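Letters go in sequence order (proteins before strands), and every chain restarts at 1. Values in this document were obtained by computation on a predicted structure and should not be read as measured data.
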Protein chains: 2
Amino acid sequence: MGRAPSVDDAVLLRHLTEIFRQSGYEGASLTALSSASGLHRASLYHRFPSGKPGMAAAVLESVEHAFADIVAPLTSESDPTAAVEEMARRVGVFYAQGRLACVLDTMTLRGAPDDIRARAAHLATSWLTAMADVARRAGASEEDARRRARAALVRIEGSLILARVLDDPAEFQLALAELPQMLIRRPAPAG
Amino acid sequence: MGRAPSVDDAVLLRHLTEIFRQSGYEGASLTALSSASGLHRASLYHRFPSGKPGMAAAVLESVEHAFADIVAPLTSESDPTAAVEEMARRVGVFYAQGRLACVLDTMTLRGAPDDIRARAAHLATSWLTAMADVARRAGASEEDARRRARAALVRIEGSLILARVLDDPAEFQLALAELPQMLIRRPAPAG
DNA sequence: GTCTATATTTGGATAGAC
DNA sequence: GTCTATCCAAATATAGAC
């Protein structure tokens with residue numbers, strides 16, 4: 001067996017993800033990916049023989065894994081409200097409380113390869129399904145559950161943009177705080 | 001006086017805007033800007049001596065004008081609900097019913113010049129103020145009006161991302177349809 | 001004002017030494 | 001597995017003819 005990698009696969013992916021999610025596919029230059037990861041460009045090509053498209057695909061795959069963990073509480077936690085609260089907490093960590101952009105946003109701009117766009121669409125659909133499932137489990141109808149899930153994703157993505165544009169994560173934090181009531185039917189007002 | 005421009009300033013800006021909003025600042029190559037506008041690269045430098053940064057600045061300035069028109073009904077139309085409905089209609093046109101991205105999103109990614117980001121922040125703030133004004137005029141408190149305006153912008157931006165990622169403008173169209181009730185207090189339920 | 005031609009830099013990618 | 005060196009294409013930008 002050959003020499004051990006100087007940078008762990010998982011760590012490398014984290015660094016590459018950081019660049020792709022902030023700059024988009026076209027904006028992520030090999031130079032930026034190189035300096036963020038600490039590997040020279042040629043070394044990146046050794047780890048990803050298919051080049052930048054391969055790096056982007058690996059990044060999206062790692063983000064898929066990250067999201068599997070983010071939505072895991074939705075099925076493992078029996079109380080729907082507690083489940084959504086835990087998901088919201090993990091979403092906050094993933095987006096650095098609103099300081100990092102979403103790959104669904106930045107990696108679907110013009111210039112991104114089709115397979116990247118397809119992966120992004122699949123990722124969004126999976127997330128929507130997971131959120132709709134917990135809403136249905138909490139008593140929402142099929143149609144209402146899907147509507148709530150879409151509203152939640154719209155709000156997360158939109159609040160991330162506001163956070164970036166206004167350089168203020170407040171709207172994103174508010175979105176996270178209100179995720180439970182967006183997905184789970186509020187109890188009927190007393191009186 | 002010299003030769004007349006082969007492409008009108010306003011038309012030129014429209015073409016440049018199309019590229020920047022779809023590809024972002026870094027992704028908008030001179031070649032793409034050239035072929036979209038019908039002018040060769042050197043001609044673009046004649047019209048914009050400061051190059052790509054100047055083009056991007058001019059694009060954002062033209063978008064500012066476009067938004068001045070989009071929000072105009074909020075002050076010119078006396079009925080708040082009708083005002084928001086007309087704004088929603090114009091927003092739909094500007095975003096081609098959800099098929100075009102928002103410059104607030106794409107032109108604020110890493111790589112964009114600081115003055116572009118500053119202009120984007122100013123544009124977002126102006127829009128928020130205009131929407132909050134109409135909400136307040138319809139009876140909302142200062143705090144509630146601002147909250148509603150932010151929710152409306154979050155929803156527009158988020159639904160545009162969903163439209164792009166899922167390749168389905170439905171969520172954006174729904175957002176537009178519900179803008180009036182998001183900004184204007186719903187009448188108390190009868191009974 | 002627009003064009004062709006060109007300079008210069010950056011980006012993506014490969015070869016081969018260690 | 002990582003590095004230096006290099007190649008080629010694309011991107012930004014300029015010069016000068018028309």
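- Taking a cutoff of 4.0 Å between a charged side-chain nitrogen and a carboxylate oxygen, A:Arg136 and A:Asp144 do not qualify as a salt bridge.
- At the phosphate of D:dC3, OP1 or OP2 sits under 4.0 Å from a side-chain N or O atom of A:Ser43.
- Judged as a side-chain contact (heavy atoms from CB on, under 4.5 Å), and not counting sequence neighbours, B:Ser35 has no contacts.
- Taking atom CE on A:Met55 and atom C1' on C:dG11, their separation rounds to 12 Å, with Å as the unit.
- Rounding to whole angstrom units, CZ of residue A:Phe48 and P of C:dG12 are separated by 15 Å.
- Qualifying side-chain hydrogen bond (donor to acceptor under 3.5 Å, both in side chains) partners for A:Arg21, counting only residues two or more places apart in sequence or in other chains: none.
- B:His40 has its NE2 atom 8 Å from the C1' atom of C:dT2, to the nearest Å.
- Taking 4.0 angstrom as the limit, A:His46 places a side-chain polar atom (N or O) nearer than this to OP1 or OP2 of D:dG1.
- Rounded to whole Å, atom P of C:dG11 lies 14 Å from atom CG of A:Leu44.
- Applying the ring-ring contact (aromatic ring centres under 6.0 Å, His included) test to pairs two or more places apart or on separate chains, those with a residue in residues 51-79 of chain A are A:Phe67-A:Phe94, A:Phe67-A:Trp127.
- Other cluster members for A:Leu109: B:Leu109, joined by side-chain heavy-atom distances under 4.5 Å among Ile, Leu, Val, Met, Phe, Trp and Tyr.
- Atom-to-atom, CG of B:Leu39 to C1' of C:dT4 comes out at 15 Å; the value is rounded to the nearest Å.
- Pairs engaging residues 30-61 of chain B under the ring-ring contact (aromatic ring centres under 6.0 Å, His included) rule: none recorded [sequence neighbours left out].
- In this structure, CG of A:Asp9 is placed 15 Å from C1' of D:dT2, rounded to the nearest angstrom.
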Heavy atoms under 4.0 Å is the rule here; annotate nucleotides 5-18 of chain D 5' to 3' with B where the base is hit, S where only the sugar-phosphate is, and - elsewhere. ------SBBBB--B

